[in-house]
Colleague: 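Quick one: the structure is below, questions incoming.
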2 protein chains.
Amino acid sequence: MFGAPIAWQTDPMSTIRGARERARIEVTAAIKDEARRQLAAEGAAKLSLRAVARELGMVSSALYRYFPSRDDLLTALIVDAYDAVGEAAEAARDRTGGPAGPHPDRWLAVAGAVREWALAHPHEYALIYGSPVPGYTAPQDTVGPASRVGQVLIGVVRDAHRTEGLAVPPQDPLLRAEGARMAADLADDLPPAVAVALVSAWAQLFGLISFELFGQFTRVVEAREELFRHAVRELGRSVGLLDGRRPGGGGGAAGAGA
Amino acid sequence: MFGAPIAWQTDPMSTIRGARERARIEVTAAIKDEARRQLAAEGAAKLSLRAVARELGMVSSALYRYFPSRDDLLTALIVDAYDAVGEAAEAARDRTGGPAGPHPDRWLAVAGAVREWALAHPHEYALIYGSPVPGYTAPQDTVGPASRVGQVLIGVVRDAHRTEGLAVPPQDPLLRAEGARMAADLADDLPPAVAVALVSAWAQLFGLISFELFGQFTRVVEAREELFRHAVRELGRSVGLLDGRRPGGGGGAAGAGA
DNA sequence: TCCAAGGCAAGAGCAGTGCTCTCTTTTGTG
DNA sequence: CACAAAAGAGAGCACTGCTCTTGCCTTGGA
């Protein structure tokens, strides 16, 4: 316990210097917690610095010692949200088989975990995958955490590629260069056509979740989980994952509880 | 009150009764125009009733004679946005072949038109397909216009089904009932599996557009239009559209007429 | 141990918001 | 023409994000 560097959020200096630093960390966390509470309750647009301060028993101006502006608070929440959904995805991946495991099941488990997280935290999901807030454009701090889910999806496909192989989709001649560039950026051992399909599937996955969450499926889709699982399985096939249970394209049965 | 025709609301063509009505219509339109201007410039969250009134040379309270609240103004803009993107989709459909025309091309044209509209009106797109605004939940008035794009996509696939047939995707047993229900609701002459694929493709299409528009593709995708066209073509195949230029593929056999 | 420095909270205040009320002006119609 | 309905004007309330100044008090060094 001693030698282990506890990952204290942002501070790489492991030693907690004094009561002052500690208090600062605690207050910062308390502010974010309360802000997250209000976010969950009312949405990003109604998140009010003054209300957060009020709830914490401090005056609004004091809060500016911790976050220079409302947008900075929002940015912190965005980073946390990306981390939370990324963590959910990683946990689902690790819970479902190993690098050699049943790849379609892992793919589905990851996607399902993202959906579950989104349904449980709709406003936080909207914060990161909905329209950009107020007049806000994502700062640099968010790009790392933002890629975690994508990395997990890439990892699942890469594992499949290494252990079992992929049914590499046909190459679109217009995307030859772009596919090569993507593959080099994302996973240099994957065929370009797979990289293309992967990025497409990534965006489409969130299209399914967003439509469900933002009410577009109201009065259109009833069996949402079933539709999701079906579509996600098809997305898995589109990136080349080999579904043992359905070699040609028949119907798969249940699987992979959560 | 007896002889008075009450429901003109939606039909301004019918006998504009007097200068007063005309003025009301004009002022209402001016308010919406200015609001749309501010929406395009700054986004929905920064749309201010007072600023709109100021720009129009009226006092803010006067604006409440036309829209009972800010949310009502937003709702009007939402309806207009749905209508605009729906109109763009319909125009693209009508511009590209006829009911017998090259179905994958029509499909791609419609999707491309939606994307073009979104790129040209990002804030309006975010208003309707991004996260629900402030604490706002879509009222009944929006359900009609909201379905126009979906109707166009359905229409293209239905035309294909009637004239050329579809490569009906395999039926997922877990979605048998849901698929039948959807088909009955959306297009009763389409096979249930096609209805399922259509709804999935619909959501996934907007996933692609949203990711591009909301910055998720930053530093990931360069050739965005090419990727979009590729993915949309694949979505077309997934609903059963027969691509003459590439007969093989995952879907398998053609045929399956009415 | 004492003391200056700086982190921190508090309060007042500014400019802006959505919305409601009251009062006055305009305007179409009996 | 007279009158009621519609529309505009203005003040005001409660709220917002943010800034600035004023003190308190913890902290680190002498």
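Just so we're on the same page: letters track the sequence lines, and every chain starts at 1. All of these numbers come straight from a predicted model, not from anything done at the bench.
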Colleague: Can you check side chain to side chain contact (heavy atoms under 4.5 Å, CB included) on A/Glu42 and A/Leu47, steps first, answer last?
Modeller: CA-CA 7 Å; A/Glu42 298 270 26; A/Leu47 172 62; over 6 Å; no

Colleague: Regarding B/Arg181 and B/Glu178, does a basic nitrogen lie under 4.0 Å from an acidic carboxylate oxygen?
Modeller: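 Yes, charged N to carboxylate O under 4.0 Å.
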
Colleague: Take atom CZ of A/Arg22 and atom C1' of C/dG7, then tell me their distance rounded to the nearest Å.
Modeller: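 Between C1' of C/dG7 and CZ of A/Arg22: 18 Å.
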
Colleague: Tell me, with the steps shown, if A/Tyr125 and A/Ser210 meet side chain to side chain donor-acceptor pair (under 3.5 Å).
Modeller: CA-CA 9 Å; A/Tyr125 177 88; A/Ser210 292; 2.8 Å; yes

Colleague: Find every protein N or O atom lying less than 3.5 Å from an N or O atom of nucleotides 14-17 of chain C, and list the pairs.
Modeller:
unit_1, atom_1, unit_2, atom_2, d
C/dT17, OP1, B/Ser48, OG, 3.0
C/dT17, OP2, B/Arg54, NH2, 2.6

Colleague: Does anything in residues 209-224 of chain B form a salt bridge (Lys or Arg N to Asp or Glu O under 4.0 Å)? List the pairs, not counting sequence neighbours.
Modeller: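 Pairs touching residues 209-224 of chain B that pass the test: B/Arg115-B/Glu212.
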
Colleague: Do B/Tyr129 and B/Ile209 touch side chain to side chain, with heavy atoms closer than 4.5 Å?
Modeller: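 B/Tyr129 does not reach B/Ile209 side chain to side chain.
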
Colleague: Calculate, to the nearest 0.5 Å, the distance between atoms CZ and NE2 belonging to A/Arg36 and A/His121 respectively.
Modeller: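 Between A/Arg36 CZ and A/His121 NE2, I get 9.0 Å after rounding to 0.5 Å.
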
Colleague: Scan A/Val79, A/Val85, A/Leu77 and name whichever one has a side-chain contact (heavy atoms from CB on, under 4.5 Å) with A/Ile128.
Modeller: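 Answer after filtering A/Val79, A/Val85, A/Leu77: A/Val85.
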
Colleague: Scan nucleotides 23-27 of chain D against the protein and return all N/O pairs shorter than 3.5 Å with their distances rounded to 0.1 Å.
Modeller:
unit_1, atom_1, unit_2, atom_2, d
D/dT26, O2, A/Arg20, NH1, 3.1
D/dT27, OP1, A/Arg20, N, 3.1

Colleague: Could you tell me how far apart A/Ile31 (CD1) and C/dA9 (C1') are, to the nearest whole angstrom?
Modeller: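 That distance rounds to 12 Å.
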
Colleague: Show your working on ring-ring contact (aromatic ring centres under 6.0 Å, His included) between B/Phe206 and A/Phe211 and close with a plain yes or no.
Modeller: CA-CA 8 Å; B/Phe206 284 93; A/Phe211 259 38; 5.3 Å; yes

Colleague: Is the shortest side-chain N to carboxylate O distance from B/Arg37 to B/Glu34 below 4.0 Å?
Modeller: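 Judged by the 4.0 Å cut-off on N to carboxylate O distance, B/Arg37 and B/Glu34 do form a salt bridge.
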
Colleague: Could you check which residues of residues 59-69 of chain B get a heavy atom under 4.0 Å from DNA chain C? Sort them by number, please.
Modeller: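 Close to the strand are B/Ser60, B/Ser61, B/Tyr64, B/Ser69.
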
Colleague: Taking the side chain from B/Ser147 and the backbone from B/Gly144, do they hold a donor-acceptor pair closer than 3.5 Å?
Modeller: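 At least one qualifying donor-acceptor pair exists.
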
Colleague: Do B/Leu186 and B/Val199 have side chains that get closer than 4.5 Å, going by heavy atoms?
Modeller: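 Yes, at least one pair of side-chain atoms sits under 4.5 Å.
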
Colleague: Can you pull out how bent the helix from C/dT1-D/dA30 to C/dG30-D/dC1 is, comparing the axes over its first five and last five pairs, to 10°?
Modeller: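 It works out to 0° between the end axes.
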
Colleague: D/dA5 P sits how many Å from B/Arg24 CZ, rounded?
Modeller: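 Nearest whole value for this atom pair: 16 Å.
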
Colleague: Could you check how far CD of A/Glu55 sits from P of D/dT16, rounded to whole Å?
Modeller: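 Going from CD in A/Glu55 over to P in D/dT16 covers 12 Å.
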
Colleague: Please collect all side chain to side chain donor-acceptor pair (under 3.5 Å) contacts where either partner lies in residues 195-206 of chain B, sequence neighbours excluded, each pair once.
Modeller: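 Residue pairs passing side chain to side chain donor-acceptor pair (under 3.5 Å), neighbours aside: none found.
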
Colleague: Assess the side chains of A/Thr75 and A/Asp72: does a donor N or O sit below 3.5 Å from an acceptor N or O?
Modeller: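 Side-chain D/A pair, A/Thr75 to A/Asp72: absent.
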
